[in-house]
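One structure is given here, and the rest of the page talks about it.
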Amino acid sequence: LLQALNFDMMMVSISRLVVLSICLTVAFAAQPSEDSINNLRNQLGGGSDVVVESNDPNFSKYAHVDNSRVQTLPFLIVRPNKTADFPIIFSFIRANNIPFRIKGGGHSAAGWCSVQGGLVIDMSRMKTIRFDLDAMTLH
């Protein structure tokens, strides 16, 4: 019985550490400057629906996930058009030390396709895959 209690206490402690680390990641994640966001938008082609900020009228449409119990909201949503956009996006993420998630269909029951206060890469525009046999790459 004592071993079972110790195991339960250890699991509670681990759970608390996970929650704490998530909270700290969000709390200490630097918000990029407006200039930095505008630079990202320009590098990705400049459309208003490519880089969507939380003050954008369409933000809730792009931030939506299918589980209404999930209440996490990113501060920025990026909607790439082509594979060449990804190095730009990930450079922005690294340079600004931003937590991020990748959203496919938005069907994650646990809400893993969103991140509170971070950046979501919305894959809804990436509709095709091309395999280059010679280069052994996907496009």
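- There is a side-chain donor-acceptor pair under 3.5 Å between S124 and D122.
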Please table the atom pairs, donor to acceptor, closer than 3.5 Å between any side-chain atom in residues 53-62 and protein atoms at least two apart or in another chain.
residue, atom, partner, partner atom, Å
E53, OE2, R41, NH2, 3.2
D56, OD1, N58, N, 2.6
Y62, OH, R79, NH1, 3.4

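- Smallest separation of non-hydrogen atoms from P80 and M123: CG-SD, 4.5 Å.
- The CD1 atom of I98 sits 7.5 Å away from atom CD of Q31, with the distance rounded to the nearest 0.5 Å.
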- Apply the test side-chain contact (heavy atoms from CB on, under 4.5 Å) to residues I93 and I121: give CA-CA distance (whole Å), side-chain angles for both, the deciding distance (0.1 Å), then the verdict. CA-CA 11 Å; I93 289 169; I121 301 171; 4.1 Å; yes
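- At a threshold of 4.5 Å between non-hydrogen side-chain atoms, the residues P99 and V115 count as touching.
- For the atom pair CG (N39) and CZ (F92), the distance works out to 9.0 Å, reported to the nearest 0.5 Å.
- A donor-acceptor pair is defined here as one N or O able to donate and one able to accept, closer than 3.5 Å; no such pair exists between the side chain of S36 and the backbone of P32.
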- Test log, rule side-chain contact (heavy atoms from CB on, under 4.5 Å), inputs L44 and I89: CA-CA 8 Å; L44 296 175; I89 296 167; 4.1 Å; yes
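- Remark: D49 engages R125 in a side chain to side chain donor-acceptor pair (under 3.5 Å) (not counting sequence neighbours).
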- Task: Applying side-chain contact (heavy atoms from CB on, under 4.5 Å), run through V78 and V120 and close with a yes or a no.
- Result: CA-CA 6 Å; V78 180; V120 167; over 6 Å; no
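- Of all heavy-atom pairs between P74 and G118, the closest is CB-O, 3.3 Å.
- With sequence neighbours excluded, the residues satisfying ring-ring contact (aromatic ring centres under 6.0 Å, His included) with F90 are F100.
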